[in-house]
Amino acid sequence: MFGGSQPILVLSQNTKRESGRKVQLENINAGKAIADVIRTCLGPQAMLKMLMNPMGGIVMTNDGNAILREITVQHPAAKSMIEIARTQDEEVGDGTTSVIVLAGEMLAAAEPFLQQQIHPTVIIRAYREALEDIIKHLQTDLSTVLDVNNKEKMAEVVKSCVGTKFIGKWSELAVNIALDAVKTVTLNENGRLEVDIKRYAKVEKVPGGSIDESCVLKGVMINKDVTHPKMRRYIENPRIVLLDCSLEYKKGESQTNVEIVGETDFTRMLQIEEEFVQRICADIIALKPDVVFTEKGVSDLAQHYLLKAGITAVRRLRKTDNLRIARACGATIVNRTEELTEKDVGTGAGLFEIKKIGDEYFTFITECKDPKACTILLRGASKDILNETERNLQDALNVARNLVLEPRLVPGGGAIEMALSQLLTRKQLKGPYTAVAEALEIIPRTLAQNCGANTIRTLTALRAKHASHSGDGVCAWGIDGESGEIVDMNVKGIWEPLAVKMQTYKTAVETAILLLRIDDIVSGSKKKGGNEPTAPAAAAAGVE
């Protein structure tokens with residue numbers, strides 16, 4: 001009617017829109033590319049990755065989350081893959097590598113179905129059903145209950161977590177550190193279990209010495225020295241007072257003008273300041289403590305009074321350190337010196353001493369009677385080693401915490417994935433449902449790959465073992481990550497916490513579902529000097 005119709009431009013000139021099948025395949029490729037970066041970091045024979053950040057700093061690690069944190073990617077789908085490693089790390093603290101590898105494989109499993117023109121929602125429905133079945137089986141017949149008081153079994157589980165890390169060589173030490181620290185900070189109040197590792201189990205890294213010298217202190221260590229050199233640096237059974245106020249004269253917030261008429265007024269003013277400090281110190285001295293910790297400053301005059309009374313003062317503590325000391329020795333943090341009473345004094349510590357390690361002074365409050373907070377002292381040859389050891393130890397601590405909170409186990413070494421794969425296959429549902437079963441096999445396959453075994457032969461043998469299993473409970477045959485042989489995990493003693501595995505499957509399948517749901521990417525980018533904006537396809541290609 002109007003002649004040739006003009007094309008309508010809805011999006012602005014420099015936005016790029018891609019839609020349909022192309023986007024879904026791109027997302028799958030981006031997911032696979034991220035998984036390929038991480039794949040060699042799975043299992044005891046894991047390789048390390050060396051990453052340089054733009055500032056020139058170096059990170060050496062095989063922790064999935066730490067690697068992906070350092071990589072900068074452009075593709076939106078790759079970014080959400082990186083996000084899931086972080087979620088896994090925050091939620092259960094371990095299994096960051098496997099969650100990425102699994103999610104990448106779940107996406108890859110969906111690719112043939114998309115090419116057969118099956119609608120994504122059909123695939124998603126099948127994935128959902130598979131996930132529900134996985135969770136149901138994991139909670140009932142595939143997991144075993146663990147006795148938390150059985151120290152050897154607990155150590156075995158933590159050891160299988162530590163074995164795949166850099167500190168695997170010192171696994172005995174790392175396991176003991178993790179179990180001791182978690183046991184210390186576990187709080188059971190009226191049936192409510194609380195294990196707060198982040199706040200009360202502090203890792204202090206001191207370069208020098210060797211990793212063998214690392215230990216858990218029965219108390220707290222802080223990087224501070226006494227305020228006055230003549231104060232005592234070694235006190236047995238100290239009485240500790242913790243303050244949250246400054247031991248100096250209060251100054252005005254901003255500019256303060258004072259008009260002085262007579263000469264005596266000025267002297268009087270100084271005198272009032274001194275009297276104020278003296279009164280504060282008198283309040284403290286009345287309780288006869290041995291050590292005073294404060295989060296704020298301590299003036300020279302206050303140091304003088306406290307020194308005369310034989311009291312050691314440490315100033316400018318971090319709030320978190322102060323809370324840890326309070327939990328370790330049973331003191332209460334007080335905000336005003338007038339309110340100090342006998343019950344605020346901490347008497348739970350057995351020893352206060354200040355040691356010089358390297359060229360810094362450290363304050364130790366150790367030999368506490370019933371500490372509810374602790375410090376893990378890490379020693380190591382260099383900063384890189386220390387950082388990697390700390391990351392590994394965090395994983396071990398989290399595994400120990402998960403065991404205390406939810407004491408259920410599943411066999412490790414890819415055995416549980418294989419068992420789940422068999423269960424899903426036996427249901428004989430065609431299509432994407434069986435694709436989940438095949439995708440689960442990526443974990444044992446990668447384990448075999450990483451230690452140079454013949455992947456096809458090993459996996460066929462393992463599949464046969466699981467298919468012929470006809471007893472109660474879970475078939476615990478898996479792959480020994482050291483040699484690539486097929487072993488019984490009951491004999492080998494490799495177990496993993498159920499919480500970690502559950503979270504891995506949930507996160508991996510749900511991410512795959514999320515990325516399959518996307519059918520349109522609109523990337524609005526700023527004009528780069530008249531250049532075309534980067535299409536997500538180009539970004540996916542440059543993801544590694």
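All of these numbers come straight from a predicted model, not from anything done at the bench.
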Check your understanding: How about K183: does its NZ atom have over 12 heavy atoms from other parts shown lying under 6.0 Å from it?
Key -> no

Practice item. Any chance you could measure I416, atom CD1, to L138, atom CG, to the nearest 0.5 Å? Key: 5.0 Å

**Study point:** Test: R391 and E388 ion pair at under 4.0 Å
**Key:** yes

Check your understanding: With a 3.5 Å cut-off and no angle check, do the side chains of D480 and S483 form a donor-acceptor pair?
Key -> yes

Exercise for review: Check the pair K159 / E156 against salt bridge (charged side-chain N to carboxylate O under 4.0 Å, His left out), numbers first and verdict last.
Suggested key: CA-CA 5 Å; K159 193 169 180 181; E156 215 170 70; over 6 Å; no

Review point. Any side-chain donor-acceptor pair under 3.5 Å between E417 and Y505?
Key: yes

Point to revise | Carboxylate-amine/guanidinium contact E70 K49, below 4.0 Å | key: no

Check your understanding: Judged by modelled atom types alone, do D63 and T97 share a side-chain donor-acceptor pair under 3.5 Å?
Key -> no

Review point. Which value, rounded to the nearest 0.5 Å, describes the distance between I518 atom CD1 and I28 atom CD1?
Key: 11.0 Å

Practice item. To the nearest 0.5 Å, tell me how far I521 CD1 sits from K22 NZ. Key: 10.0 Å

Check your understanding: Between E438 and S421, is any side-chain donor less than 3.5 angstrom from a side-chain acceptor?
Key -> no

Study note, to complete from the structure: To the nearest 0.5 Å, atom OG1 of T507 lies from atom CE of M502 at 11.0 Å

Review point. Above 12 or not: heavy atoms from other molecules or residues under 6.0 Å from NZ of K153?
Key: yes

Check your understanding: Is K372 atom NZ crowded by more than 12 heavy atoms from other residues, nucleotides or ligands, each under 6.0 Å away?
Key -> yes

Review point. Within the side chain of N398, is there an N or O that forms a donor-acceptor pair under 3.5 Å with the backbone of Q394?
Key: yes

Exercise for review: Locate the shortest heavy-atom distance separating M106 from Y127; write the atom from each residue and the value.
Suggested key: O-OH, 2.6 Å

Exercise for review: Kindly check if the number of other-residue, nucleotide or ligand heavy atoms within 6.0 Å of CD (E172) is above 12?
Suggested key: no

**Study point:** Ionic contact status for D89 with R86, cut-off 4.0 Å
**Key:** no

Practice item. Compare all side-chain heavy atoms of P411 with those of W495 and state whether any distance is below 4.5 angstrom. Key: yes

**Study point:** Salt-bridge contact K427-D133 (side-chain N to carboxylate O under 4.0 Å)
**Key:** yes

Check your understanding: Is E26 salt-bridged to R21, cutoff N-O under 4.0 Å?
Key -> no

Exercise for review: Output yes when D36 and R39 qualify as a salt bridge under the 4.0 Å nitrogen-oxygen rule, no when they do not.
Suggested key: yes

**Study point:** Residues R199, D196; criterion salt bridge (charged side-chain N to carboxylate O under 4.0 Å, His left out); working and verdict
**Key:** CA-CA 6 Å; R199 208 178 293 172; D196 193 340; 3.7 Å; yes

Check your understanding: Is the closest side-chain donor-acceptor distance between N65 and Q88 under 3.5 Å?
Key -> no

Review point. Does a side-chain N-to-carboxylate-O contact under 4.0 Å join R463 and E441?
Key: yes

Practice item. Would you name the heavy atoms of V220 and A328 that are closest together and state the gap between them? Key: CG2-CB, 3.6 Å

